[in-house]
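Accompanying notes for the structure given below.
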Amino acid sequence: QVQLVESGGGLVQPGGSLRLSCTASGFTLGHYNVGWFRQSPGKEREGVSCINGRDDSTYYVDSVKGRFTASRDNAQNTVYLQMDSLNPEDTAVYYCAADPNLAFCKRTPLQFEYAKWGRGTQVTVSS
């Protein structure tokens with residue numbers, strides 16, 4: 001079965017850290033461009049980061065730059081999003097998405113560019 005599964009979400013205090021995982025089954029994630037998106041209640045889903053399938057270059061939107069880090073472990077068929085210095089504005093459902101055809105990761109990822117999606121994992125930042 002071809003699917004993406006996010007994990008690692010949870011409740012964390014402001015200033016804390018979480019590491020999200022995006023694990024693929026049924027296909028090899030290594031050459032896919034993987035985007036991370038999030039959606040807060042009442043807001044549209046927004047792209048926050050991507051990691052390129054060709055050279056593992058990364059991009060981050062300004063609101064998470066310097067705090068979030070995307071990485072890839074091909075042996076685990078998994079992409080990670082390390083999130084540090086979390087604040088309440090980071091509270092959202094986080095989704096990963098993958099596409100084999102995106103050739104770059106140099107700007108905010110857009111939803112329509114990604115063919116495969118996970119179901120999301122909840123991240124809540126609260127004291």
Side-chain angles (χ1 to χ4, degrees):
Q1 183 178 3
V2 174
Q3 63 177 352
L4 286 172
V5 178
E6 302 94 336
S7 61
L11 173 63
V12 64
Q13 292 186 342
S17 297
L18 285 173
R19 187 178 77 161
L20 305 184
S21 299
C22 173
T23 301
S25 59
F27 69 101
T28 301
L29 196 57
H31 299 295
Y32 279 63
N33 185 315
V34 175
W36 286 97
F37 297 78
R38 67 185 181 186
Q39 188 167 20
S40 305
K43 295 185 178 180
E44 293 187 357
R45 191 174 300 185
E46 62 173 349
V48 295
S49 176
C50 57
I51 180 166
N52 194 349
R54 299 188 179 188
D55 59 8
D56 283 351
S57 58
T58 55
Y59 177 88
Y60 307 93
V61 297
D62 286 346
S63 60
V64 307
K65 193 176 297 182
R67 301 188 298 120
F68 289 13
T69 305
S71 62
R72 186 190 301 271
D73 185 340
N74 291 334
Q76 299 297 322
N77 213 24
T78 298
V79 166
Y80 301 100
L81 186 67
Q82 176 68 40
M83 306 188 298
D84 300 318
S85 302
L86 287 162
N87 59 62
E89 289 70 37
D90 295 316
T91 295
V93 178
Y94 283 72
Y95 301 87
C96 67
D99 194 274
N101 298 315
L102 286 174
F104 59 87
C105 177
K106 297 182 179 179
R107 56 158 172 77
T108 304
L110 302 175
Q111 294 184 62
F112 74 87
E113 297 175 315
Y114 291 85
K116 302 182 189 297
W117 285 82
R119 293 188 174 185
T121 184
Q122 175 70 48
V123 171
T124 303
V125 185
S126 175
S127 55

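All values below were derived from every heavy atom in this structure, side-chain atoms included, with hydrogens, water molecules and symmetry-related copies excluded.
Here the side chain of Asn77 pairs no donor or acceptor atom with the backbone of Thr28 at under 3.5 angstrom. Looking only at distances, a side-chain donor or acceptor of Asp73 sits under 3.5 Å from a matching main-chain atom of Gln76. Judged purely by atom type and a 3.5 angstrom limit, Arg72 uses its side chain to pair as donor or acceptor with the backbone of Asn52. One N or O on the side chain of Glu113 and one on the backbone of Leu110 form a donor-acceptor pair closer than 3.5 Å. Between the Ser21 side chain and the Tyr80 main chain, no donor and acceptor come within less than 3.5 Å of each other. Side-chain atoms of Tyr60 come within 3.5 Å of backbone atoms of Ala70 as a donor-acceptor pair (strictly under, hydrogens ignored).
Both Val34 and Phe27 are part of a single hydrophobic cluster, where members link through side-chain heavy atoms under 4.5 Å apart. In the hydrophobic cluster analysis, where Ile, Leu, Val, Met, Phe, Trp and Tyr join through side-chain heavy atoms closer than 4.5 angstrom, Val123 is grouped apart from Val93. One hydrophobic cluster holds both Phe68 and Val12 under the rule that ILVMFWY side chains link at heavy-atom gaps under 4.5 Å.
For the atom pair OG of Ser57 and NZ of Lys106, the computed distance is 7.5 Å after rounding to the nearest 0.5 Å. Note that CD of Glu6 and CH2 of Trp117 are 9.0 Å apart. Values are rounded to the nearest 0.5 Å. One distance of note links OG of Ser126 with CD of Gln13; it measures 8.5 Å at 0.5 Å rounding. Atom OG of Ser63 and atom CD of Glu46 lie 5.5 Å apart (nearest 0.5 Å). To the nearest 0.5 angstrom, Arg45 atom CZ is 13.5 Å from Arg38 atom CZ. To the nearest 0.5 Å, atoms CH2 (Trp36) and OH (Tyr95) are separated by 12.5 Å.
Ser7 and Thr121 share no donor-acceptor pair across their side chains, judged by distance under 3.5 Å alone.
Here Tyr59 and Phe104 keep their ring centres 6.0 angstrom or further from each other.
Taking every heavy atom of both residues into account, Leu4 and Cys22 meet most closely at CD2-SG, 3.8 Å. Of all heavy-atom pairs between Pro14 and Ser127, the closest is CD-N, 3.7 Å. Closest non-hydrogen pair, Tyr32 versus Asp99, comes out as CD2-C, 3.4 Å. Shortest non-hydrogen contact noted between Gly9 and Leu20 is N-CD2, 3.6 Å. Summarising the geometry of Ala98 relative to Leu29, their closest heavy-atom pair is CB-CD1, 3.8 Å, with the distance given to 0.1 Å. Here the closest non-hydrogen pair linking Val125 and Thr91 is N-OG1, 2.9 Å.
With contacts defined as side-chain heavy-atom distances shorter than 4.5 Å, the pair Leu81/Ser49 qualifies.
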>> For Val2 and Ser25: C-alpha separation, side-chain torsions, deciding distance, then whether side chain to side chain contact (heavy atoms under 4.5 Å, CB included) applies.
In response: CA-CA 5 Å; Val2 174; Ser25 59; over 6 Å; no
> Run the side chain to side chain contact (heavy atoms under 4.5 Å, CB included) check on Met83 and Val64 step by step: do they pass?
Replying inline: CA-CA 8 Å; Met83 306 188 298; Val64 307; over 6 Å; no
>> Could you walk me through whether Ser17 and Asp84 satisfy the side chain to side chain donor-acceptor pair (under 3.5 Å) test, starting with their C-alpha distance in whole Å, then the side-chain angles of each, then the deciding distance to 0.1 Å, before giving a yes or no?
In response: CA-CA 4 Å; Ser17 297; Asp84 300 318; 2.7 Å; yes
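Ring geometry for Tyr114 versus Phe37: interplanar angle over 60°, hence perpendicular rather than tilted (30 to 60°).
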